[in-house]
2 protein chains.
Amino acid sequence: MSRPPEPILGLPTEPTQARRFGKTRTAQSSAIAEDYAELIADLLASVGEARPTDIARRLGVSHATAIKTVARLKREGLATSRPYRGVFLTEAGEALAARVKARHRLVVDLLRAVGVPAEAAEQDAEGIEHHVSDVTLAAFEAYLQR
Amino acid sequence: MSRPPEPILGLPTEPTQARRFGKTRTAQSSAIAEDYAELIADLLASVGEARPTDIARRLGVSHATAIKTVARLKREGLATSRPYRGVFLTEAGEALAARVKARHRLVVDLLRAVGVPAEAAEQDAEGIEHHVSDVTLAAFEAYLQR
DNA sequence: CCTGAAATGTAGTCGCAGCTACACTTTCTG
DNA sequence: CAGAAAGTGTAGCTGCGACTACATTTCAGG
């Protein structure tokens, strides 16, 4: 966000196969927000409420970490919660969760389609999904409907 | 690494479609190490030396950040460097770079094969590659040789 | 061979995701 | 309905990646 343009040019006269890294770094925090939104939506749908402890368990972190991250989501307008009552999603949060869920499915389906075992597909999709651009997502969709 | 087992069980009596997140989080730091190793190898191969400033430019970060991260790589036995001389890779570092490079190619090829435009494929692969397990990688390879 | 620009290194700050430890509600149960 | 167990929240610490600002070293031209 705060990192300005800075062309990122390759070495001047050298024919380096410049690959643009760049994003990836700041992407991490939004990846976590996505995971939380998705999980909270899941919990709300399946259990009717999303408690910090459940979130923590499912993500494999301490409950304190879960609570702090939920606080960040609240700050960012994605979630709401009141002390000792569960966590809920704002409209923005729900929208995010829906997008993430759809993307997740698509990524898993694509992986399966190219022969990745179910177990690995589910597992890897968790990490991969956060880095799939809209263009790539569209290509996945087209491929699956070939 | 320091996070112990902690079974990560789903809710006891609830039929939640438990998806294992878990790793992902600590994975981030090794993803960065991978990027650096790969880039340093690239620079060494194409320009003959890897200077902090070049690394920083290519990654889109400040030179201070690059230097600090290189320090971490040194701590982890992946790189070496002496003040004002460039950065080099240890054997472990080279091995890592080679693995990463190969994996990157495979991911890009797979993406292209399912119809992702070249530009997007290169770009997304950068983020995706760090989350592709060996099993998935093997599946990609098999698919490409269909 | 000397000097100034460019590169390199160092210090100190911030935000965030983790953790443990402790304090405080809620809720369950005897 | 009181006490214990479970859940929730707060405080304080760490590591890491990112930054800016400042200090130092190299090295190329004059």
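Model, not experiment: these values are computed from the prediction. Below, chains carry the letters A, B, ... as their sequence lines are ordered, and counting in each starts from 1.
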Report summary line: Out of D:dA11, C:dC24, C:dG9, minimum distance to the side chain of A:Tyr84 belongs to C:dC24
Query raised in the report: Does A:Arg72 make a side-chain N or O approach to OP1 or OP2 of C:dC16 shorter than 4.0 Å?
Result: no
Query - Protein-nucleotide distance (A:Arg58, atom CZ; D:dG7, atom P), rounded to Å - result: 16 Å
**Report entry** Carboxylate-amine/guanidinium proximity below 4.0 Å for B:Glu126 and B:Arg103
**Finding:** no
Query raised in the report: Starting at CG of A:Leu43 and ending at P of D:dG7, how long is that distance when rounded to a whole Å?
Result: 14 Å
Requested in this report: Could you check which of D:dT20, D:dG9, C:dT8 has an atom nearest any side-chain atom of B:Ile67?
Outcome: C:dT8
Query - Length of the line joining A:Ile32:CD1 and D:dG17:P, which is rounded to integer Å - result: 14 Å
Query raised in the report: Tell me: CD of B:Gln28 to P of D:dG17, nearest whole Å?
Result: 8 Å
Query raised in the report: In terms of side-chain geometry, is the basic nitrogen of A:Asp109 or A:Arg112 positioned less than 4.0 Å from the acidic oxygen of its partner?
Result: no
Query - Test item: B:Arg146 side-chain N/O and B:Tyr143 main-chain N/O as donor-acceptor pair under 3.5 Å - result: yes
Query raised in the report: At what distance, to the nearest 0.5 angstrom, does NZ of A:Lys74 lie from OG1 of A:Thr90?
Result: 12.0 Å
Query raised in the report: If you check the B:Arg51 side chain, which of C:dA7, C:dA17, D:dC19 turns out closest?
Result: C:dA7
Query raised in the report: C:dA17 P sits how many Å from A:Tyr36 OH, rounded?
Result: 8 Å
**Report entry** Interatomic distance where NE2 belongs to B:His63 and C1' belongs to C:dT10 [whole Å]
**Finding:** 9 Å
Requested in this report: Could you pick out which residue, A:Glu76 or B:Lys68, lies toward the 5' side of DNA chain C when each is mapped onto its nearest nucleotide?
Outcome: B:Lys68
Query raised in the report: Roughly, in whole Å, what's the span from NZ in A:Lys74 to C1' in D:dT8?
Result: 12 Å
Report summary line: Rounded to whole Å, the CZ-C1' distance (A:Arg82 to C:dT25) equals 14 Å
Requested in this report: Compare side-chain N and O positions of A:Arg85 against OP1 and OP2 of D:dG7 and report whether any pair is under 4.0 Å apart.
Outcome: no
Report task. Take A:Thr69 and B:Pro83, find for each the nucleotide of DNA chain C with the closest heavy atom, and name the residue whose nucleotide sits nearer the 5' end. Result -> B:Pro83
Query raised in the report: D:dC16 phosphate, OP1 or OP2: any side-chain N/O from B:Ser29 under 4.0 angstrom?
Result: no
Query raised in the report: Between C:dC19, D:dG9, D:dG17, which one does the side chain of A:Thr65 approach most closely?
Result: C:dC19
Report task. Among the candidates D:dG17, C:dA17, D:dT8, find the nucleotide nearest to the side-chain atoms of A:Thr53. Result -> D:dT8
Query raised in the report: When B:His130 is tested against each of B:His104, B:Gln28, B:Glu34 for side chain to side chain donor-acceptor pair (under 3.5 Å), which residue passes?
Result: B:Glu34
